[in-house]
Amino acid sequence: MNLGVGAYRTEEGKPVVLNAVRKAEQLLVNDVSRVKEYLPIVGLAEFNKLSAKLILGADSPAIQQNRVTTVQCLSGTGSLRVGGEFLAKHYHERTILIPQPTWGNHIKVFNLSGLNVKFYRYYDPETRGLNFQGLLEDFESAPSGSIVLLHACAHNPTGVDPTPDQWDQIKQLIRSKSLLPFFDSAYQGFASGSLDADAQPIRMFAADGGELLVAQSYAKNMGLYGERVGALTIVCKAADVASRVESQLKLVIRPMYSNPPIHGASIVATILRDRNLYDEWTVELKAMADRIISMRQQLFDAIQSRGTPGDWSHIIKQIGMFTFTGLNSQQVAFMTKEYHIYMTSDGRISMAGLSSRTVPHLADAIHAAVTGGV
């Protein structure tokens with residue numbers, strides 16, 4: 001069993017291409033007027049406009065006031081890198097605080113962007129939940145103006161997210177300390193099944209007129225992993241600032257990769273502009289999210305039924321693709337050797353790699369690892 005992969009799988013363990021994506025591609029293939037010319041440096045204009053609307057909301061005041069600039073990037077990683085390099089060149093504070101733990105690539109991306117990476121407390125191994133007090137203390141003691149990386153939803157690798165009330169306190173502290181929020185949104189709609197609910201923390205920040213950055217990826221929520229399609233959106237305080245920011249983003253992108261690829265962005269724009277395709281996509285997206293939520297419940301029930309020692313409720317409290325099991329590296333090694341179950345050494349498992357058929361085997365392995373005194 002491979003539970004390390006960060007990509008969705010069906011109940012049969014197969015990769016999936018969404019019907020909405022297949023239909024959008026067919027429309028693109030059938031359109032003989034389409035050509036393969038270079039896109040502008042900032043990418044496909046319609047894709048950028050629709051991406052900003054998807055993440056900030058159709059009625060976003062920031063969009064209406066033209067305080068937003070969006071550029072198409074190479075999925076979430078490319079969006080983070082472009083944003084990081086822009087901030088290293090033009091923002092007055094080089095320090096970026098990232099959660100402990102976080103997605104492994106965050107550290108490398110921001111270091112290579114020219115930023116100074118520091119950590120803030122996030123996960124509490126004791127409760128297998130959020131160390132909210134530690135997070136607030138670390139934000140409070142951060143240098144004024146520091147950049148703060150926030151996972152918009154479905155925190156990777158822990159699956160632990162703040163509650164709406166906690167998000168509100170985080171926002172107040174970030175604004176009072178003049179910290180700059182940089183959201184990584186890799187799972188919009190994929191966590192709860194609702195595009196709006198998963199974007200709520202970002203919209204809460206965008207509503208107060210302050211600045212923020214968002215890196216968006218369509219890898220998970222549209223299954224466009226290999227198309228490398230994403231966007232960087234920067235919300236500014238005024239329209240004239242937004243236009244200056246865009247011109248500086250072009251200067252970051254041009255020597256990096258000149259301009260982004262056309263195909264993935266065209267698929268996304270086709271789905272987001274067409275009401276029928278959009279509706280079909282949201283149904284398919286919810287089905288993916290629901291399958292993962294159901295795997296959480298099945299695994300929790302299987303562990304409970306075996307009488308495995310400990311509190312395993314974090315499995316159903318956490319959200320998104322990954323579960324931070326709380327298993328240690330020795331237990332992980334035991335499960336690999338004895339049960340042929342593969343996962344990252346920190347005990348993170350991909351719920352998308354599970355199926356009703358394989359849950360009992362995983363529950364047996366966890367039980368053996370925990371009771372065997374490993």
Side-chain angles (χ1 to χ4, degrees), residues 34-52 54-56 66-98 102-118 145-150 180-186 211-219 224-269:
R34 280 180 55 76
V35 292
K36 300 291 187 184
E37 292 290 293
Y38 289 126
L39 285 177
I41 296 171
V42 296
L44 191 66
E46 185 184 24
F47 165 84
N48 291 338
K49 188 177 173 188
L50 292 168
S51 292
L54 186 72
I55 199 73
L56 297 176
N66 295 318
R67 293 191 287 111
V68 176
T69 184
T70 301
V71 294
Q72 180 192 334
C73 297
L74 307 182
S75 204
T77 307
S79 307
L80 291 163
R81 183 65 189 265
V82 169
E85 295 219 3
F86 166 78
L87 291 170
K89 280 191 172 75
H90 300 290
Y91 187 59
H92 61 85
E93 176 58 64
R94 286 287 183 86
T95 301
I96 183 164
L97 300 172
I98 64 175
T102 192
W103 181 50
N105 217 13
H106 279 146
I107 302 159
K108 300 181 192 79
V109 165
F110 290 121
N111 270 330
L112 285 170
S113 298
L115 295 173
N116 178 22
V117 174
K118 298 272 175 67
S146 297
I147 307 152
V148 178
L149 182 82
L150 302 162
L180 179 64
F182 192 159
F183 282 95
D184 186 353
S185 176
E211 296 172 324
L212 68 125
L213 294 84
V214 187
Q216 242 173 309
S217 165
Y218 289 97
L224 296 174
Y225 303 94
E227 298 291 355
R228 312 308 295 140
V229 57
L232 173 70
T233 291
I234 302 184
V235 177
C236 307
K237 285 185 175 165
D240 61 327
V241 178
S243 67
R244 290 200 295 275
V245 164
E246 181 168 309
S247 74
Q248 293 301 327
L249 286 171
K250 288 178 188 174
L251 296 176
V252 171
I253 293 167
R254 179 71 176 131
M256 197 188 282
Y257 55 84
S258 274
N259 47 65
I262 197 167
H263 187 65
S266 301
I267 295 169
V268 174

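Since this is a predicted model, take the numbers as computed values, not measurements.
- Smallest separation of non-hydrogen atoms from Leu50 and Ala269: CD1-O, 3.7 Å.
- Taken from CG in Leu150 to CG in Leu97, the straight-line distance is 9.5 Å, to the nearest 0.5 Å.
- A heavy-atom distance below 4.5 Å is not found between the side chains of Val241 and Ser243.
- Aromatic rings of Phe110 and Phe182 (six-membered ring for Trp) have centroids within the 6.0 Å cut-off, being under it.
- Tyr257 contributes no side-chain N or O that, together with a main-chain N or O of Gly78, makes up a donor-acceptor pair within less than 3.5 Å.
- Between Leu232 and Gln216, the closest side-chain pair of non-hydrogen atoms is not below 4.5 Å.
- Under the side-chain hydrogen bond (donor to acceptor under 3.5 Å, both in side chains) criterion, Ser113 pairs with no residue, sequence neighbours left out.
- In this structure, the side chains of Leu213 and Thr233 stay at 4.5 Å or more apart for every pair of heavy atoms.
- The only option from Ser79, Pro261, Ser217 that meets the side-chain contact (heavy atoms from CB on, under 4.5 Å) definition with Leu74 turns out to be Pro261.
- If you check the side chains of Ser51 and Tyr218, you find a donor sitting under 3.5 Å from an acceptor.
- Of all the heavy atoms in Ala52 and Val68, the pair that sits closest is CB-CG1, 4.3 Å.
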- [ ] Please assess Ser258 against Arg254 for the test side-chain hydrogen bond (donor to acceptor under 3.5 Å, both in side chains), listing each intermediate value before the final yes or no.
- [x] CA-CA 4 Å; Ser258 274; Arg254 179 71 176 131; 2.6 Å; yes
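- Under the rule for a side-chain hydrogen bond (donor to acceptor under 3.5 Å, both in side chains), the partners of Arg67 that lie at least two apart in sequence or sit in another chain are Gln65.
- Scanning all heavy atoms of the two residues, the minimum distance from Ile55 to Ser185 falls at CD1-OG, 3.5 Å.
- For the atom pair SG (Cys73) and CD1 (Ile253), the distance works out to 5.0 Å, reported to the nearest 0.5 Å.
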